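Okay, handing you the structure first.
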Amino acid sequence: MPQYTLTYFDIEALGEPIRMLLSYGKIPFTDNRIDFEKDWAKFKAAMPMGQLPILEIDGKVMYQSMAISRYLAKQVGLSGANDLENYEIDNAADNINDFRAKIASAAYESHEEAKQHKYEILKKETIPFFLNKLDKIAEENNGHFALKKLTWADLYFTGLINYLNFIAQEDLLANHSNLRKVVENTHAAPGIKEWVAKRPKSNR
Ligand SMILES: N[C@@H](CCC(=O)N[C@@H](CS)C(=O)NCC(=O)O)C(=O)O
């Protein structure tokens, strides 16, 4: 059996969809968590793109969380059966990633006034726009993001949601029952249920 090591920070965010994919596939992995304050400066230069997560499989270093997710999804049966199905899943994951990037752009803005301005637009326009669109997609897919069944796009959203709530500074799912259903369906999946019950507690 190959040795899997997922290296990320001690949070959910971009590492969590990968932890969920491995758990769903019942693939044992070392959950290596780097202390950002204490140790990150030491590791950063050695990372392929200066960032985390990375997944090592018998020493082969993989990076870019969505590329890793696509790779693992194929291994564990959470990708599509053909190009069109994969398009549907990728499309959903890209929508989710666009939403993530918009929120992150406000959260990591270093200029205080610009940050306030970005949050105002986020709250007034961007968040309601994306949540309504994503909730509609989830409704059309019976509590999933694509193909009316569990795919890696559901794990991508569910893995990110606590982090998105944290950086958006609100409960994004409060008024979106179809998105809550995606999270419930993902949490109920075999392997993921057990992972969520035992994973380190984090609010992001
Ligand atoms: N596109 C990359 C983005 C990775 C990324 O933004 N990683 C952040 C943590 S979520 C990071 O490593 N930050 C530390 C740094 O840039 O020094 C991916 O999806 O893997």
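Because the structure is predicted, anything quoted here is derived from the model rather than measured. In each ligand, atom 1 is the first atom listed, and ligand 1 is the first ligand listed.
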| said: Under the criterion salt bridge (Lys or Arg N to Asp or Glu O under 4.0 Å), I'd like the reasoning laid out for Asp90 against Arg70: C-alpha separation, chi angles, the key distance, then a yes or no. | reply: CA-CA 9 Å; Asp90 285 349; Arg70 266 184 213 102; 3.0 Å; yes
| task | Mark yes when over 12 heavy atoms from residues, nucleotides or ligands other than His117 sit less than 6.0 Å from its NE2; otherwise mark no. | result |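 Atom NE2 in His117 is not crowded, with 12 or fewer foreign heavy atoms closer than 6.0 Å.
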| request: Would you please indicate if the ring centroids of Trp40 and Phe9 are separated by under 6.0 Å? | output: yes
| field | Thr186 versus Met20, closest heavy-atom pair with distance | value | CG2-SD, 4.5 Å
| query | Hey, mind stepping through Asn82 and Asn86 against side-chain hydrogen bond (donor to acceptor under 3.5 Å, both in side chains) and telling me if it holds? | reply | CA-CA 6 Å; Asn82 54 45; Asn86 280 318; over 6 Å; no
| query | Other than Tyr87, which residues form its hydrophobic cluster under the rule that side-chain heavy atoms must be closer than 4.5 Å? | reply | Leu84
| message | What does the 4.0 Å heavy-atom contact list look like for ligand 1? | response | Tyr8, Phe9, Leu14, Trp40, Lys44, Gly50, Gln51, Leu52, Pro53, Gln64, Ser65
